[in-house]
Every structure is written in structure tokens, then in C-alpha cells.
Amino acid sequence: MLALVSALLLLLLLHSFPVAPVTVSTTQSKVEVQENSDAVLSCLFKTEKDQNPRIEWKKKDNGISMVYFEGNFTGPFKGRAKIEGATVTLYKVQLKDAGQYRCEVSAAADSVQLGETNVTLKVLVPPHVPFCEIPSSALTGSLVELRCSDQYSIPPAVYTWYKDKKPLSSPRVNATYTINRNTGILTFQTVTRADAGQYHCEARNGVGQPKSCVGNHMTIDDLNITAIIAGIVVLCLVISVCTLGACYAHRQGYFSRHRGRSFWIPQCHGAAHISSQNLNRTEDIPHAGYGSPPQDTQDFKHTQSFML
């Protein structure tokens, strides 16, 4: 009787304090590491009964890819990762390793057989040498833009412009320029001769060392009004001379299509007098032929005399 009462009390105690099923957690759900550094993706678990649960790691890209499966790392993680318990360490992470990872623990003997937790990995990339666009020259009063960009840094870089190795401060109220530190654009609305100098740009994002582009000297030239006016005057004179020449040639008949002229053609029995106009179109004139050549009285001489 006493043994039966003890068994009932034990059952009541077990129902009052149930054993927890498998649980999975992480100490850091967001991990940020610099490129080529090691990343630790933590995964902690507790099971109800199963002392040898199955552990899997997966990565979410466009689909789901396996990282750790059946006791081995797979794909690009093979040979560059290790696991301790359920915590994974990735060696020398690259930008392609960034993404969301999931740790799954399966305990077949537990009442709740599956637990999981997610860890997001962000790979930080230090600045690269930025690409700079700095004009070599500009005209006073014109709009000028200097550009600086680094497309590879993560997080995105912010930019600082330097003139003659001195950083350009935030523009004052009457300043001739504006700076956008996020886009890296330095704008001169109306550039002046005082803005001439050696310019270069620096990119930084808090990861690694900042990088700068090669500087370039920008000169500012005055607009030569005198030369522009002289050029316009010369152009007008050339146009006037050409116009007068064309009028003169037209009056002299140089542009006429038919200017007839006469000339003599020797023949067997004399010479024919024709014009160039008739020579071109003799086929259009019925019975066209050569006219009789004029005869000089001196050409007719008696070679013999005779008597009746």
C-alpha cells in the first residue's frame, strides 16, 4: 500500500515539473566581420532525452543551400570551416559568404523533435581607391562638377574633398561650392579663378584604412570676349567678300550655261566658219552643213593668159 502511494506521488511530481524539449538559440543573431576575417556563427541547443541529435546548417540565397550536413561541410565551405558543438566558424570570409544562415537541431527521441535559430552574416569591405573625375580646366562663371566614387566598400563610403592637400570644409553661406559627402560630388555653381588648385578625394567607411585617388590640377581661365568679337567680325567679312564675289561672277556671265563662240575648222577645199552652239546641236538642224568659207580676192590669181 505504501509503495502504491509513493508511485502516485512520483507521477504527480513529474507532471508538475515537465522536462523541457529540444531548444535552440544563439548568442548573436547578427554578425559583422571584415572581409578576410573569421566569422563565428553561434548555435546552442538543449535536448529532452536525445544526447546525440542531428545538427545541420543551411544558407538562404535565392534558394536553400547546405553548409553542414551529416557531419561534413559541403560546397564552398568545405575545408574552410569548423564546428564545435553546433557553433560554426568560417575562415577568411568573402563578400559572397554574406547572408542568412540557419542552424537546425533534430532530436528524434524528444517530444519536440526539431529546433532552429537564424544568424545573419554581414561582410564589411574596406574602401578601395576611389574613381575621381577632375577637369583640367574650366572657364570662369561656368558650372563645374568634380566626382568621386567607390562602388565596392561596405558599408558605403563617405567622401572628403581636398584642395592643395587641405580638406574643404562645409560650405559657408557665400561659398561658390557645395559638397555631397554621400555621393562624392563637389559642385561649383559659378567657378572663379580663386577655385583653381590641386584637387583629390578620400573615401572612408570606418572599415580599414581610408583610400584616396590621384590628385589633378584644375586651372580656371577667363572668358576672352575680345577674341570672340574679333572672330565674329572676321567671319562676317569673309561672308561679305564671298557674297560680293558671287554677284560679280554672275554679272560677268561666269554662271551662264551657254556662251557661244565662233571658230574656223580647216577643210579639204577651204575653211568652215561655225559656232560652238551649232557644233553641239547640228543633229537638230535639218540639212545642217558647213557654210562656204569667205574668199579673199588676193587668193584668186591668173596662172595663165590666153589669147583669142
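This one's a predicted model, so the numbers in the text were calculated from it and none came from an experiment.
Residues Ser137 and Thr219 bring no donor and acceptor atom of their side chains to less than 3.5 Å of each other. Checking Asn36 against Gln94 by side-chain atom types alone, a donor-acceptor pair falls below 3.5 Å. Between the side chains of Thr26 and Thr117, no donor-acceptor pair of N or O atoms lies under 3.5 Å.
At least one side-chain heavy atom of Leu139 sits under 4.5 Å from a side-chain heavy atom of Asp221. Pro130 is listed as a side-chain neighbour of Lys211, based on a closest heavy-atom distance under 4.5 Å. The closest side-chain heavy-atom distance from Lys78 to Asn72 is not below 4.5 Å. Side-chain contact between Ser212 and Thr160 is absent, with no heavy atoms from C-beta onward closer than 4.5 Å. Between Cys43 and Val24, some side-chain heavy-atom pair lies under the 4.5 Å cut-off.
The backbone N or O of Phe73 sits nowhere less than 3.5 Å from a side-chain atom of Trp57 that would complete a donor-acceptor pair. Side-chain atoms of Asn118 never come within 3.5 Å of backbone atoms of Arg102 as a donor-acceptor pair (strictly under, hydrogens ignored). Listed for the Thr74 side chain is a donor-acceptor partner under 3.5 Å among the backbone atoms of Met66. Of the possible polar contacts, none joining the Trp161 side chain to the Arg181 backbone as a donor-acceptor pair under 3.5 Å is found.
Closest non-hydrogen pair, Leu143 versus Thr187, comes out as CD1-CG2, 3.7 Å. Nearest approach of Leu114 to Glu104, heavy atoms of both residues: CD1-CB, 4.2 Å. Scanning both residues, Ile239 and Thr243, for their nearest heavy atoms gives O-OG1, 2.8 Å. In terms of heavy-atom proximity, Met218 sits nearest to Val144 at SD-CG1, 4.0 Å. Minimum interatomic distance between Val88 and Leu90 (heavy atoms only, all atoms of both residues): CG1-CD2, 3.8 Å. The two atoms that bring Asp150 and Tyr159 nearest to each other are N-OH, 2.9 Å, heavy atoms only.
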Full working for side chain to side chain contact (heavy atoms under 4.5 Å, CB included) between Val119 and Gln28: CA-CA 7 Å; Val119 180; Gln28 192 174 3; over 6 Å; no
Step-by-step side chain to side chain contact (heavy atoms under 4.5 Å, CB included) determination, Lys122 to Ile154: CA-CA 9 Å; Lys122 183 177 182 179; Ile154 299 175; 4.1 Å; yes
Stepwise disulfide (SG to SG under 2.5 Å) check, Cys148 with Cys201: CA-CA 6 Å; Cys148 180; Cys201 170; 2.1 Å; yes
Derivation of the side chain to side chain contact (heavy atoms under 4.5 Å, CB included) call for Gln189 and Thr176: CA-CA 6 Å; Gln189 294 294 338; Thr176 60; over 6 Å; no
Worked verdict on Leu121 versus Val33 for side chain to side chain contact (heavy atoms under 4.5 Å, CB included): CA-CA 8 Å; Leu121 174 62; Val33 295; 4.0 Å; yes
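For Tyr91, the OH atom is densely surrounded, since the number of other residues' heavy atoms within 6.0 Å is greater than 12. Other residues, nucleotides and ligands contribute only 12 or fewer heavy atoms inside 6.0 Å of the CZ atom of Arg54.
Between the CG atom of Asn205 and the CG atom of Leu124 there is a distance of 8.0 Å, given to the nearest 0.5 Å.
Checked against Ser42 for a side chain to side chain donor-acceptor pair (under 3.5 Å), the options Thr27, Thr87, Thr89 give a single hit: Thr27.
Both Ile83 and Val67 are assigned to one and the same hydrophobic cluster, defined by single-linkage of ILVMFWY side chains at heavy-atom distances under 4.5 Å. In terms of hydrophobic clustering, with Ile, Leu, Val, Met, Phe, Trp and Tyr side chains grouped at heavy-atom distances under 4.5 Å, Leu146 and Leu168 are assigned to a common cluster. Transitive grouping of hydrophobic side chains (ILVMFWY, heavy atoms separated by less than 4.5 Å) keeps Tyr68 and Leu44 in distinct clusters. A single hydrophobic cluster is not seen to contain both Val158 and Leu186; linkage of ILVMFWY side chains at heavy-atom distances under 4.5 Å, directly or through other members, places them apart.
The list of ring-ring contact (aromatic ring centres under 6.0 Å, His included) pairs with a residue in residues 192-216, not counting sequence neighbours, reads Tyr162-His200.
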